[in-house]
Amino acid sequence: QDIALLCLSALCAYLLLSLVTYSPLDDGWSTAGANTTFKNAGGPVGAYLADGLLHALGYLAYIIPLLAAGKVVQIFRMHQIQSTGAVWLLRLLGFFLSVFSLAALIEFSVFSADTLPAGAGGMIGQSIAGLTISLFSTIGGSILLTLMLCIGSMLFWEFSWLAVFDAIGNFVLNTIKSISLFCQGL
C-alpha cells in the first residue's frame, strides 16, 4: 500500500506540474512542429498530457490531479483492504459524472478562456453544454448538470447529502442557541 500511495502521489504531482507549466508553443497532440526543446517541466510526455487535458477539460484539467490525490488519501485513510469491483465502478462513475457535468457548468459560466486552447470547459464541456442547452435550455440544463454533479460527487467521495444537511442544520441550531445564551447573559 505504501508503494501504491507513493507512486500515485508522484503521478498526481507530475500531472499538476505538467499542467501548470503548459506552453502552447510545445508540441502536443493538437500541434506539431520541429520544436525539439520543450518549455513544459514535464518534458515531451508532460507537454502531450497537458495539451490533451486542457483541450478536453479546459480549466477543470487543473483540478484532476487534486481530485485524484484527494481520493488516494481518502482510500488509504479508510484502511480498506479490499474493495469490490462494484464499488470501484461506482467511484469511477461518480468521477466521470462530476468531471463532465462540472466541465459543462464551467462552459456555462462567465469565465473567459483566452489562454486555453479549447474554452473554459474544454471540448467536453462545450459538447455537453451545447447538448443540454439544445435539449433543456440554459436554466434546465444548469439544473440537470448540477444534479449530475451532486450525484457524481456523492458517489466519488462516498458521502451522504442528508448527513451534510444534518450537520449544517445542527451547526445553525447550535449557533442560534449560543447567540441566545450570550444575549441572555448581557
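The structure displayed is predicted, hence computed values, not measured ones.
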I need the minimum non-hydrogen distance between [X] and [Y], along with the two atoms involved.
X	Y	result
F108	G141	CE1-C, 4.0 Å
P65	C12	CB-O, 3.5 Å
E107	G121	OE1-N, 2.8 Å

List the residues meeting side chain to side chain contact (heavy atoms under 4.5 Å, CB included) with [X], not counting sequence neighbours, and say none if there are none.
X	result
L147	I151
L53	L15, L19, L57, A61
I143	I139
V164	F159, W161, I168

Can you run down the side-chain hydrogen bond (donor to acceptor under 3.5 Å, both in side chains) pairs that involve [range], sequence neighbours left out, and say none if there aren't any?
range	answer
residues 10-20	none
residues 62-71	K71-Q74, K71-E158
residues 116-130	none

Would a hydrophobic clustering, with Ile, Leu, Val, Met, Phe, Trp and Tyr connected at side-chain separations under 4.5 Å, put [X] with [Y]?
X	Y	answer
I64	Y22	yes
L17	Y48	no
I128	L67	yes
L89	F156	no
L8	V73	no

Enumerate, atom names and distances included, each donor-acceptor pair closer than 3.5 Å involving a side-chain atom of residues 174-186, sequence neighbours excluded.
from	atom 1	to	atom 2	distance (Å)
N174	ND2	N170	O	3.2
T175	OG1	F171	O	2.7
S178	OG	N174	O	2.9

Tracing side-chain contacts under 4.5 Å among Ile, Leu, Val, Met, Phe, Trp and Tyr outward from L162 reaches none

Cluster membership besides V20, Ile/Leu/Val/Met/Phe/Trp/Tyr side chains within less than 4.5 angstrom, sorted by chain and number, is L16, L66

Could you give the side-chain donor-acceptor pairs of residues 93-103 under 3.5 Å, partners two or more places apart or in another chain?
from	atom 1	to	atom 2	distance (Å)
S98	OG	G94	O	2.8
S98	OG	G152	O	3.3
S98	OG	S153	N	3.0
S101	OG	L97	O	2.6
S101	OG	S98	O	3.2
S101	OG	L149	N	3.4

Side chain to side chain donor-acceptor pair (under 3.5 Å) filter on T21, not counting sequence neighbours, yields N40

| Is the shortest heavy-atom distance from the side chain of I3 to the side chain of C7 under 4.5 Å? | yes

So CG of L144 and OG1 of T132: to nearest 0.5 Å the spacing works out to 7.0 Å

The reported gap from CG in L90 to CG in L155 (rounded to nearest 0.5 angstrom) is 5.5 Å

Exercise for the section: Carefully, step by step, assess Y59 and L54 under the rule side-chain contact (heavy atoms from CB on, under 4.5 Å). Expected result: CA-CA 7 Å; Y59 285 122; L54 288 170; over 6 Å; no

